[in-house]
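Structure first, then comments.
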Amino acid sequence: MKIKAVRFAKLKVPLVTPFKTALREVSFIEDLVVLIDTECGQIGYGSAASTPVITGDTHQGMIAVIQQFIAPKLVGQEIENINQLTHIIQSTVVGNSSAKAALELAVYDLWGKLYQAPLYKLLGGGNSELKTDITISVDNIDKMLSDCQRAVEQGFDVLKIKIGNNLNQDIERVKAIHAGFAAKAQLRLDVNQGWNAKQTVFALQQLEQAGVVLELVEQPVKSSDIQGLKYITERVNTPIMADESAFSPKQVIQLLELGAVDIINIKLMKTGGLSRAIEIANITAQYQAECMIGCMLEGSIAVAGAAHLASAKAQQISKIDLDGPALGQYDPVQGGVEFSGPQIRLSDAPGLGIESITGLELITNGVWPA
């Protein structure tokens, strides 16, 4: 099964409610879809979100780097040589993790189709049913409480609370949500780099003294502030998780060697796809550290790949934050992974199992070779 061409398309889905964090606010899931065609007529699907404030990647930039540098090296390659393909994707250019992730998803999808097996089984997994949390965007307290209530009514029992834009308000938000929902759901906080180290220690000590129990706090400080993460971890009881500080295997090793965090958040858009995500999961196992599998604000193509990884590495990945499709008003992807509220179900269809995609807008000048 040889690669014949690489194509691109756009996919846009409106959100149920605007997605607000300390870094950004958006109203749509907007994915760049990468389609890899083979000489035998099979199509591999991958996708990536544009998150310039996190990964530095935009859709226009992804298309450019794939067309100019990576696609010319992929065309003509055999899908069965999956390690060679991922090596080409990872080594041809530095950075550009989202573009690499979209390409890797597409080649792994084709790899599954080649061997007529679902990706999670090829990667060594067995559990086809997973359960995700859901994100509660930062807002005024009444709106956040309302969003929490809606999520609980939908069956979610783990809530990821976005905060980080005002320290004192953040503390009051968390206290109010804990008072209203601690008996119904576990609470995770995601600060999105919104605090500094001393603010984080102050806030968490205030919350701990008030009896607020949190499952974890995600990336409270700037991504480069590794010593800040260590400072926090040494002074609070609440587990601290690295997100934007943990893109590569090398960064993960540094964080765990220093004892800077308790948990690593794996995201395909950061790792550049499945191959290095698998490597990071294996590294955390060596350090006996926990992992969470997460996603950017992306649709069900990329999140399906993350779900297959979560099944394959269930012994390392104990927490799941794959709520991107649940935040959209509808799922345009038919077949493969089913996202229904907190429930994620993997099918036994080959690869990612995608059958069709509604609303896919092909980019006419986005083909290599032209």
Side-chain angles (χ1 to χ4, degrees), residues 15-26 29 130-167 169-195 200 203-204 206-208 210-220 236-243 262-263 265-267 290-298 303 306-307 310 317-329 339-344:
L15 295 173
V16 174
T17 188
F19 183 81
K20 300 178 183 179
T21 75
L23 294 175
R24 58 180 178 147
E25 177 178 346
V26 293
I29 299 171
L130 309 170
K131 196 173 183 181
T132 181
D133 66 7
I134 193 167
T135 299
I136 306 299
S137 290
V138 63
D139 215 312
N140 64 68
I141 289 177
D142 288 344
K143 178 63 165 60
M144 294 181 77
L145 290 172
S146 174
D147 289 346
C148 289
Q149 181 61 36
R150 184 188 310 113
V152 168
E153 290 173 355
Q154 292 173 341
F156 290 93
D157 58 9
V158 183
L159 308 178
K160 188 169 87 163
I161 313 299
K162 294 284 189 179
I163 52 174
N165 62 359
N166 183 296
L167 183 67
Q169 286 183 17
D170 289 337
I171 293 171
E172 295 308 311
R173 287 166 172 141
V174 176
K175 285 181 178 178
I177 291 171
H178 185 269
F181 296 96
K184 303 174 184 177
Q186 284 187 309
L187 303 181
R188 301 168 176 169
L189 299 190
D190 188 358
V191 189
N192 283 118
Q193 309 178 64
W195 298 339
T200 304
L204 294 184
Q206 290 281 310
L207 292 170
E208 289 172 358
V212 174
V213 178
L214 303 170
E215 185 185 12
L216 59 88
V217 175
E218 181 175 354
Q219 197 65 48
V236 301
N237 295 320
T238 305
I240 304 300
M241 181 169 71
D243 181 11
D262 304 291
I263 310 167
N265 190 356
I266 299 173
K267 291 179 179 175
E290 286 190 88
C291 281
M292 183 161 84
I293 185 74
C295 60
M296 306 298 188
L297 185 61
E298 61 210 37
V303 178
I317 298 171
S318 59
K319 305 177 191 304
I320 297 176
D321 175 34
L322 298 179
D323 63 342
L327 301 177
Q329 293 185 17
F339 298 92
S340 178
Q343 304 300 323
I344 300 174

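Nothing fancy with the numbering, it's 1 onward along the sequence. Every heavy atom of this structure was used, including side-chain atoms; hydrogens, water molecules and symmetry mates were not.
Remark: the backbone N or O of Asp139 is paired with a side-chain donor or acceptor of Arg173 at under 3.5 angstrom. Not a single donor-acceptor pair under 3.5 Å links the side chain of Gln206 to the backbone N or O of Ile171. Without hydrogens or angle criteria, Asn140 side chain to Lys143 main chain gives a donor-acceptor distance under 3.5 Å. With hydrogens and angles ignored, the 3.5 Å screen pairs a side-chain donor or acceptor of Asp262 with a backbone N or O of Ile240. Remark: side-chain polar atoms of Gln154 are not paired, donor with acceptor, to backbone N or O of Gly341 under 3.5 angstrom. Checking side-chain atoms of Asn192 against main-chain N and O of Gly194 turns up no donor-acceptor pair under 3.5 Å.
Residues Ala307 and Ile344 come closest through the heavy atom pair CB-CG2, 4.0 Å. Nearest heavy atoms, Ala310 versus Ile317: CA-CD1, 4.1 Å. Scanning all heavy atoms of the two residues, the minimum distance from Leu159 to Ala185 falls at CG-CB, 3.9 Å. The minimum heavy-atom distance linking Val236 with Glu208 is given by the pair CB-OE2, 3.7 Å. Across all their heavy atoms, Ala176 and Ile141 have their closest contact at CB-CG2, 3.9 Å. Closest of all the heavy-atom pairs between Asp323 and Cys295 is N-SG, 4.0 Å.
Distance check: Met292 CE to Leu322 CG gives 9.0 Å after rounding to the nearest 0.5 Å. Here the CD atom belonging to Glu215 is positioned 8.5 Å from the CG atom belonging to Asp133, to the nearest 0.5 angstrom. Put simply, OG on Ser137 and CG on Asp190 are 10.5 Å apart, with the number rounded to the nearest 0.5 Å. Summarising the geometry, atom CD1 belonging to Ile136 is positioned 12.0 Å from atom CG belonging to Leu189; distances are rounded to the nearest 0.5 Å. Remark: Asn265 CG to Lys319 NZ distance equals 11.0 Å, nearest 0.5 Å. Atoms CD and CD, from Gln193 and Gln219 in turn, are 5.0 Å apart once rounded to the nearest 0.5 Å.
Salt-bridge formation is not detected for the pair Glu218/Arg188: no Lys NZ or Arg NE/NH1/NH2 atom is positioned less than 4.0 Å from an Asp or Glu carboxylate oxygen. Ionic pairing of Lys131 and Asp157 is present here: one or more N-O contacts between side-chain nitrogen and carboxylate oxygen are shorter than 4.0 angstrom.
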Worked check of side chain to side chain contact (heavy atoms under 4.5 Å, CB included) between Ile163 and Trp195: CA-CA 9 Å; Ile163 52 174; Trp195 298 339; 3.7 Å; yes
Derivation of the side chain to side chain contact (heavy atoms under 4.5 Å, CB included) call for Leu327 and Val16: CA-CA 6 Å; Leu327 301 177; Val16 174; over 6 Å; no
Side chain to side chain contact (heavy atoms under 4.5 Å, CB included) evaluation trace for Leu214 with Val174: CA-CA 10 Å; Leu214 303 170; Val174 176; 4.2 Å; yes
Side chain to side chain contact (heavy atoms under 4.5 Å, CB included) assessment of Ile161 paired with Cys148: CA-CA 9 Å; Ile161 313 299; Cys148 289; 4.2 Å; yes
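The shortest distance between side-chain heavy atoms of Leu297 and Val26 falls below 4.5 Å. The side-chain heavy atoms of Met296 and Lys267, taken from C-beta on, include a pair separated by under 4.5 Å.
Tested against Lys160 for a side-chain hydrogen bond (donor to acceptor under 3.5 Å, both in side chains), the candidates Thr132, Thr135, Asp321 yield a single pass: Asp321.
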